[in-house]
Amino acid sequence: MQSNKYTLRGELTRITVKDLGMVFTYEEHTYRLMTRGDDDCIRLILISDDYEMIESKCLNNVRLDTVINFLRTALQH
């Protein structure tokens, strides 16, 4: 069975991220992406190699498409 991009996008909305901690490079910079949660909400946090921090708004749950959209927005800066 072959999937198209619309089927794949639908699948991404159903993948829930429980814990995240990763390091990656983008345009010669190194970033750390992680989640921070408390009783009320979860936040995505992106920290650059020069210690600039970008934090998401308060989220009830984090799905894979949420992470991708956050990175797209945060890396435009």
Side-chain angles (χ1 to χ4, degrees):
M1 181 174 142
Q2 214 174 24
S3 67
N4 61 34
K5 66 181 178 180
Y6 301 107
T7 303
L8 180 59
R9 285 183 185 161
E11 296 295 320
L12 292 178
T13 61
R14 291 189 280 180
I15 297 172
T16 302
V17 177
K18 295 291 185 183
D19 189 28
L20 180 65
M22 65 184 286
V23 176
F24 64 94
T25 58
Y26 176 72
E27 293 184 356
E28 300 180 15
H29 292 282
T30 302
Y31 296 91
R32 179 184 241 356
L33 177 64
M34 63 186 97
T35 56
R36 180 175 64 196
D38 55 24
D39 294 338
D40 296 332
C41 68
I42 301 168
R43 294 182 188 270
L44 292 168
I45 300 174
L46 182 67
I47 303 172
S48 68
D49 52 4
D50 59 357
Y51 300 105
E52 178 186 356
M53 185 172 90
I54 299 173
E55 191 170 324
S56 74
K57 63 182 181 180
C58 187
L59 304 165
N60 293 327
N61 58 24
V62 177
R63 301 210 187 272
L64 189 54
D65 63 334
T66 308
V67 174
I68 292 168
N69 290 333
F70 173 73
L71 285 175
R72 280 186 185 145
T73 303
L75 294 175
Q76 288 180 359
H77 290 101

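Positions are given from 1, in the same order as the sequence printed here.
The other residues sharing a hydrophobic cluster with Ile47 are Met34, Ile45, Met53, where clustering joins ILVMFWY side chains under 4.5 Å apart. Val23 shares a hydrophobic cluster with no other residue; no ILVMFWY side chain has heavy atoms under 4.5 Å from its own.
In this structure, the separation between CG on Leu64 and CG on Asn69 is 10.0 Å, given to the nearest 0.5 Å. Atom OG1 of residue Thr66 and atom CG of residue Asn61 lie 7.0 Å apart, to the nearest 0.5 angstrom. Here the straight-line distance linking atom OG1 of Thr73 with atom CD1 of Ile68 works out to 12.0 Å at 0.5 Å rounding.
The disulfide (SG to SG under 2.5 Å) contacts involving residues 22-74 comprise Cys41-Cys58, where partners must be two or more places apart or lie in separate chains.
Here Tyr26 pairs with nothing under the ring-ring contact (aromatic ring centres under 6.0 Å, His included) rule; sequence neighbours left out. Residues satisfying the salt bridge (Lys or Arg N to Asp or Glu O under 4.0 Å) criterion with Arg43, sequence neighbours excluded, are Glu55. Taking the side chain to side chain contact (heavy atoms under 4.5 Å, CB included) definition, one finds that Asp50 meets it with Ser48, Glu52, sequence neighbours left out. Under the side chain to side chain donor-acceptor pair (under 3.5 Å) criterion, Thr30 pairs with no residue, sequence neighbours left out. Residues passing the side chain to side chain contact (heavy atoms under 4.5 Å, CB included) test with Leu33 are Leu20, Met22, Phe24, Leu46, Val67, Phe70, Leu71, sequence neighbours excluded.
Across all non-hydrogen atoms, the minimal contact from Leu44 to Val62 is CD2-CG1, 4.1 Å. Here the shortest heavy-atom pairing between Arg63 and Thr16 reads NH1-OG1, 2.5 Å.
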